[in-house]
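What follows is one structure encoded as structure tokens, with my remarks underneath.
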Amino acid sequence: QVHLVESGGGLVQAGGSLRLSCAASGRTFTMVVMGWFRQAPGKEREFVAAVSWKGGNTDYSDSVKGRFTISRDNAKNTVYLQMNSLKPEDTAVYYCAPSIGRSPLPSFASWGQGTQVTVSS
């Protein structure tokens with residue numbers, strides 16, 4: 001069973017940047033696509049970005065494309081999300097998870113605590 005810990009969130013002004021990290025332990029995640037998801041208050045969890053297991057292929061939601069960059073370091077079992085030009089609508093709790101397409105793996109249930117990102121206007 002994989003254990004995921006997200007970190008790097010915080011309070012930032014609009015236009016600012018943050019770098020999120022997702023550290024995995026337990027079952028290796030090297031062979032799986034990893035994704036970032038977010039959930040704002042009162043809203044459903046939504047897809048943000050995903051990266052293939054070798055890091056060569058990435059996918060982004062339209063709302064973050066051109067501003068966010070996802071990457072991974074399999075040697076460190078860590079996935080990153082570099083967030084630039086942040087907007088107030090990016091405010092949410094951010095989670096990482098093994099993914100398929102733009103959804104979490106159906107078998108995945110070990111969500112971490114997430115990391116809060118708050119963008120002030």
Side-chain angles (χ1 to χ4, degrees):
Q1 183 174 353
V2 65
H3 179 62
L4 301 172
V5 178
E6 300 91 349
S7 63
L11 173 63
V12 63
Q13 289 188 332
S17 299
L18 286 172
R19 189 193 194 205
L20 306 185
S21 298
C22 167
S25 60
R27 184 177 178 179
T28 181
F29 78 161
T30 303
M31 297 293 291
V32 299
V33 173
M34 288 296 295
W36 281 97
F37 301 84
R38 67 186 182 187
Q39 187 166 20
K43 295 188 177 182
E44 296 290 319
R45 188 172 293 169
E46 65 173 358
F47 168 79
V48 176
V51 60
S52 61
W53 74 273
K54 286 189 174 181
N57 293 309
T58 57
D59 184 27
Y60 299 92
S61 68
D62 288 343
S63 62
V64 308
K65 192 175 297 182
R67 300 187 298 121
F68 291 10
T69 302
I70 188 171
S71 61
R72 68 192 294 167
D73 184 339
N74 290 337
K76 296 182 178 180
N77 279 352
T78 301
V79 182
Y80 305 98
L81 186 68
Q82 177 67 44
M83 307 187 297
N84 299 329
S85 302
L86 282 161
K87 304 175 181 180
E89 50 263 45
D90 295 318
T91 295
V93 179
Y94 284 70
Y95 303 87
C96 62
S99 309
I100 181 167
R102 293 187 167 190
S103 300
L105 279 178
S107 59
F108 179 72
S110 303
W111 291 93
Q113 82 290 349
T115 186
Q116 175 71 49
V117 171
T118 303
V119 184
S120 63
S121 56

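Heavy atoms only: backbone and side chains are in, while hydrogens, waters and symmetry mates are out. All residue numbers refer to positions in the sequence shown, counting from 1.
- Residue pairs meeting the disulfide (SG to SG under 2.5 Å) criterion with at least one partner in residues 51-121, sequence neighbours excluded, are C22-C96.
- Using a 4.5 Å cut-off between side-chain heavy atoms of Ile, Leu, Val, Met, Phe, Trp and Tyr, with links allowed through other members, V79 and V5 fall into different hydrophobic clusters.
- With contacts defined as side-chain heavy-atom distances shorter than 4.5 Å, the pair Q13/L86 does not qualify.
- The CG atom of L4 sits 4.5 Å away from atom CZ of F108, with the distance rounded to the nearest 0.5 Å.
- Shown here for L18 and G8, the closest heavy-atom pair between the two residues is CD2-O, 3.9 Å.
- The two atoms that bring A97 and F37 nearest to each other are CB-CE1, 4.1 Å, heavy atoms only.
- Expressed to the nearest 0.5 Å, how far CG of N77 lies from NE2 of H3 amounts to 12.5 Å.
- Of the candidates V12, L20, D90, L20 is the only one forming a side-chain contact (heavy atoms from CB on, under 4.5 Å) with M83.
- Within a 6.0 Å sphere centred on CD1 of I100, other residues, nucleotides and ligands contribute 12 heavy atoms or fewer.
- At least one donor-acceptor pair closer than 3.5 Å links the side chain of R72 to the backbone N or O of S52.
- Judged by distance alone, the side chain of Y95 and the main-chain N or O of E6 form no donor-acceptor pair under 3.5 Å.
- Put simply, CE on M34 and CH2 on W36 are 8.0 Å apart, with the number rounded to the nearest 0.5 Å.
- Rounding to the nearest 0.5 angstrom, the gap separating the CZ atom in R38 from the OG1 atom in T115 is 14.0 Å.
- Residues meeting the salt bridge (Lys or Arg N to Asp or Glu O under 4.0 Å) test with D59, sequence neighbours left out: R102.
- Summarising the geometry of V32 relative to W53, their closest heavy-atom pair is O-CB, 3.5 Å, with the distance given to 0.1 Å.
- The closest donor-acceptor contact from the side chain of T78 to the backbone of A23 lies at 3.5 Å or more, if one exists at all.
- Not a single donor-acceptor pair under 3.5 Å links the side chain of Q39 to the backbone N or O of A92.
- For S121 against A14, the heavy-atom pair with the smallest separation is CA-CB, 4.4 Å.
- Distance CG/N57 to CD1/I70: 12.0 Å, rounded to 0.5 Å.
- Y80 and Y60 are assigned to two separate hydrophobic clusters, defined by single-linkage of ILVMFWY side chains at heavy-atom distances under 4.5 Å.
- Atoms CG and CD, from L11 and Q116 in turn, are 9.5 Å apart once rounded to the nearest 0.5 Å.
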